[in-house]
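These notes are about the structure you will find just below.
Everything numeric here is computed off the predicted structure, so don't read it as measured data. Remember, it's 1-based here, ligands and their atoms both numbered in the order they're listed.
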Amino acid sequence: MASKVRLYVDQPLGQGQTVSLTKEQAHYLFGVMRLEQGAVISLFNGRDGEWDASVAEANKKGGALQCETQTRPLQMPPDLWFYFAPIKKERTDFIVEKAAEMGAARIIPVQTDFTNSGRVNQGRLQAHAIEAAEQCGGTYVPEVAEMQKLSRVLDHWDDGRQLMFCDETLVGAAQALGEVAGGKWAILIGPEGGFSDAERDRLRRQPFARSVSLGRRILRADTAAVAALTVWQQHLGDW
Ligand code: SAH
């Protein structure tokens with residue numbers, strides 16, 4: 001049997017709860033996946049865990065599902081925020097998708113001195129995070145925040161949150177995360193042009209920040225994102 005369709009919905013889930021479908025969701029379930037009344041799919045909303053739900057009503061413009069049993073409780077990712085400087089469109093999409101798959105709790109695009117793009121489409125990025133959660137079996141969807149200026153992020157930093165600052169000038173320094181304590185963390189990845197000297201100086205002075213090398217080669221920002229998340233998960237995460 002083909003694996004069950006998984007769908008994110010923005011509605012409460014619980015025993016006997018009815019979930020109404022948008023036109024797009026109905027098109028996907030009944031037009032694309034060809035499901036009929038009585039078919040069972042998997043639902044999650046990022047809050048109430050994962051539920052089996054059956055198709056109670058199916059038509060072209062909408063429909064309804066009925067929640068039956070909870071199949072998994074909500075599983076929160078570690079308290080890891082992922083800051084990155086957006087790059088080209090497709091590569092930015094890739095970074096958000098991977099950060100969601102890799103278990104970031106919150107994804108925040110930051111504008112740095114050398115950030116290529118001044119704007120991001122937050123809604124589109126959020127949709128990518130939702131799709132990633134649907135695909136990877138997650139029950140939690142990381143929030144994709146609005147783009148923020150790095151300088152402002154640092155002005156308002158919560159000192160209880162440690163920062164893994166991925167510094168490309170440490171290339172080859174064989175200094176990955178090392179011995180560190182758990183708790184609240186964040187990762188910071190720069191843009192294609194790297195960090196400016198002023199940013200690097202400021203970051204290096206912060207007591208909460210740890211400058212980290214990601215090996216002997218300079219990685220592209222999207223590769224660096226996945227590598228940093230892997231290193232962090234391996235040391236401190238829920239792998
Ligand atoms: N143009 C820059 C490279 C930027 S790479 C240069 O040639 O120096 C984009 C981002 O990926 C960097 O800002 C950094 O956050 C991360 N990165 C890439 N390779 C890295 C490495 N070896 N160590 C630490 N961070 C790295």
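Side-chain contact check for Leu188 versus Val153: every heavy-atom pair is 4.5 Å or farther apart.
Results of the salt bridge (Lys or Arg N to Asp or Glu O under 4.0 Å) test with Arg202 over Asp197, Asp113, Asp155 single out Asp155 as the only residue that passes.
Taking the six-membered ring where the residue is Trp, the centroids of Phe195 and Phe165 are separated by under 6.0 Å. Side-chain rings of Phe44 and Trp51 stay apart, their centers remaining 6.0 Å or farther from each other.
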Table please: side-chain donor-acceptor pairs of residues 95-108 below 3.5 Å, with sequence neighbours left out.
from   : atom 1 : to     : atom 2 : distance (Å)
Lys98  : NZ     : Glu101 : OE2    : 3.0
Arg106 : NE     : Glu143 : OE1    : 2.9

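A side-chain N or O of Thr71 and one of Glu50 form a donor-acceptor pair less than 3.5 Å apart.
Contact residues of ligand 1 (protein heavy atom closer than 4.0 angstrom to a ligand atom; sorted by chain and number): Cys166, Asp167, Glu168, Val171, Ile189, Gly190, Pro191, Glu192, Gly193, Gly194, Phe195, Val212, Ser213, Leu214, Gly215, Arg217, Ile218, Leu219, Ala221, Ala224.
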